[in-house]
Amino acid sequence: MGNGGRGGLRPGKGKADDGVAATPTAVSDSCQYRCIECNQEAKELYRDYNHGVLKITICVSCQKSCQKPVDKYIEYDPVIILINAILCKAQAYRHILYNTKINIHGKLCMFCLLCEAYLRWWQLQDSNQNTAPDDLIRYAKEWDFYRMFAIASLEQAAFFIGIFTFLWAEQPVTSKKKPNFVLLLKALLLSSYGKLLLIPAVIWEHDYTPLCLKLIKVFVLTSNFQAIRVTLNINRKLSLLAILSGFLLESTMVYIFQRMEWDVGSDCAIYKSQDF
């Protein structure tokens with residue numbers, strides 16, 4: 001999810017004069033990075049001196065300086081960054097969202113939806129006892145998977161719409177300037193990576209699978225909560241209310257699908273009352 005080591009230094013490089021190793025040159029006026037500690041804008045992440053000597057930039061923002069390294073994660077291994085992101089550390093989220101160039105949110109979203117659709121489809125097939133011919137069964141199973149994918153997509157869209165609607169209504173409270181909803185959408189998609197754990201939950205099937213699925217849901221919501229708080233720089237209360245708004249709209253969508261008998265549940269664990 002992030003670049004570590006020397007490879008991670010490239011996006012925020014600042015250059016120094018060839019003849020003077022201790023006096024770096026001025027950098028561009030544009031601030032395209034963020035300090036992972038105080039969330040203030042920064043012009044660069046590090047300086048490149050003579051003979052490959054690199055020095056991480058210290059936060060010296062004119063508004064609020066924390067006097068700490070702008071981004072310590074540029075020297076970290078990607079595995080360490082991933083672990084910190086799993087622990088929902090705000091610094092790791094700022095590094096990933098602001099100081100790296102990650103463009104996998106669309107692919108990640110599609111793969112997560114496929115995982116969720118497969119789990120729903122697997123649960124549905126496990127509960128169905130059909131004696132129809134093999135060709136008809138395969139045809140029905142294929143369309144069941146497409147249906148599960150469409151339902152999972154609509155439920156996630158409802159979740160995001162609920163979040164964005166709440167934040168739009170609270171816009172005067174959350175920020176003096178217009179929130180970057182494009183970045184927020186990217187952050188929400190990236191922070192939903194916990195849905196990838198749905199596949200191991202299917203592979204290692206046990207009696208406690210429903211509990212695992214609920215824990216995965218809680219983890220995804222926690223990651224989304226942290227992504228909202230970091231992206232918009234708002235307090236925990238508003239972030240929690242935004243998550244609850246999205247979850248409420250998603251639950252409403254699930255209820256509608258259940259009433260229409262299009263879906264079989266919201267937890268992907270027990271969709272119908274089954275006789276085992």
Side-chain angles (χ1 to χ4, degrees), residues 1-5 7-8 11 34 36 71 73-74 76-122 148-164 167 180-204 209-232 236 239-240 242-244 246-247 250 266-269:
M1 294 182 66
N3 295 328
R34 291 290 183 92
I36 65 172
D71 192 345
Y73 286 114
I74 61 177
Y76 283 31
D77 188 87
V79 176
I80 303 299
I81 299 174
L82 178 60
I83 292 174
N84 280 264
I86 293 175
L87 295 175
C88 292
K89 290 190 175 182
Q91 294 89 341
Y93 274 77
R94 292 191 184 105
H95 166 78
I96 294 171
L97 295 174
Y98 293 111
N99 299 336
T100 59
K101 296 180 180 180
I102 296 181
N103 195 28
I104 63 171
H105 47 282
K107 296 178 181 179
L108 180 62
C109 174
M110 183 64 64
F111 191 69
C112 289
L113 288 175
L114 287 173
C115 292
E116 190 169 355
Y118 172 77
L119 180 57
R120 294 176 182 223
W121 175 83
W122 176 79
M148 294 299 104
F149 180 81
I151 290 172
S153 301
L154 290 174
E155 289 178 4
Q156 177 156 306
F159 178 69
F160 289 161
I161 289 173
I163 292 176
F164 283 106
L167 293 174
N180 189 344
F181 286 127
V182 176
L183 180 62
L184 177 59
L185 177 60
K186 178 181 177 180
L188 288 173
L189 293 176
L190 288 175
S191 61
S192 299
Y193 65 91
K195 291 182 179 180
L196 298 178
L197 297 173
L198 293 174
I199 292 300
V202 174
I203 295 176
W204 294 298
T209 297
L211 176 61
C212 292
L213 297 176
K214 288 182 173 63
L215 293 177
I216 291 173
K217 181 67 174 179
V218 172
F219 174 74
V220 172
L221 292 177
T222 303
S223 300
N224 293 151
F225 163 83
Q226 190 72 310
I228 294 174
R229 192 171 73 89
V230 168
T231 305
L232 300 182
R236 290 182 173 86
S239 299
L240 179 60
I243 290 295
L244 291 177
F247 184 72
E250 180 186 13
S266 59
D267 290 332
C268 301

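In this structure, the separation between CG on L97 and CD1 on I36 is 12.0 Å, given to the nearest 0.5 Å. In this structure, F159 CZ and S192 OG are separated by 7.0 Å, a value rounded to the nearest 0.5 Å. Considering CG of L87 and CG of L82, their distance stands at 9.5 Å, rounded to 0.5 Å. The distance from atom CG of L232 to atom OG of S239, rounded to the nearest 0.5 Å, is 7.5 Å. Atom CD1 of residue I243 and atom CG of residue L221 lie 6.0 Å apart, to the nearest 0.5 angstrom. The structure places CZ of F225 at 10.0 Å from CG of L244, a figure rounded to the nearest 0.5 Å.
Put simply, the side chain of Y193 reaches to within 4.5 Å of the side chain of I86, judged on heavy atoms. Using a 4.5 Å heavy-atom threshold, the side chains of T100 and I81 count as separate. Side-chain atoms of S223 and C88, non-hydrogen and from C-beta on, do get closer than 4.5 Å to each other. The side-chain heavy atoms of I228 and L188, taken from C-beta on, include a pair separated by under 4.5 Å. Within the 4.5 Å cutoff, the side chain of L198 has no heavy atoms near those of the Y118 side chain.
Between C115 and L196, the shortest heavy-atom contact is SG-CD2, 4.2 Å. For the pair I74 and D71, the tightest heavy-atom approach, listed with the atom from each and the gap, is CG1-O, 3.2 Å.
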- Item | Test side-chain contact (heavy atoms from CB on, under 4.5 Å) applied to E155 and L113, step by step | CA-CA 10 Å; E155 289 178 4; L113 288 175; over 6 Å; no
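Residues passing the side chain to side chain contact (heavy atoms under 4.5 Å, CB included) test with A227, sequence neighbours excluded: Y93, A187, S191. A search for side chain to side chain donor-acceptor pair (under 3.5 Å) contacts involving K89 returns N84, not counting sequence neighbours. By the side chain to side chain contact (heavy atoms under 4.5 Å, CB included) test, L215 is found to be paired with L211, residues two or more places apart in sequence or in another chain being considered. Under the ring-ring contact (aromatic ring centres under 6.0 Å, His included) criterion, F149 pairs with no residue at all, not counting sequence neighbours. Under the side chain to side chain contact (heavy atoms under 4.5 Å, CB included) criterion, V218 pairs with T222, not counting sequence neighbours. Applying the ring-ring contact (aromatic ring centres under 6.0 Å, His included) test to Y98 and every residue at least two apart in sequence or in another chain returns nothing. Every residue two or more places apart in sequence or in another chain that forms a side chain to side chain contact (heavy atoms under 4.5 Å, CB included) with A90 is listed here: R94, Q226, R229, V230.
For residues 188-199, the set of pairs meeting the salt bridge (charged side-chain N to carboxylate O under 4.0 Å, His left out) definition, not counting sequence neighbours, comprises E116-K195. Listed by first and then second residue, the salt bridge (charged side-chain N to carboxylate O under 4.0 Å, His left out) pairs that reach into residues 180-191 come to none, sequence neighbours excluded.
Using cut-offs of 30° and 60° for the angle between ring planes, the Y73 and H95 rings count as tilted.
Crowding of F247 atom CZ: a count of heavy atoms from other residues, nucleotides or ligands under 6.0 Å not exceeding 12.
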Side-chain donor-acceptor distances from residues 102-112 under 3.5 Å, at least two apart:
none

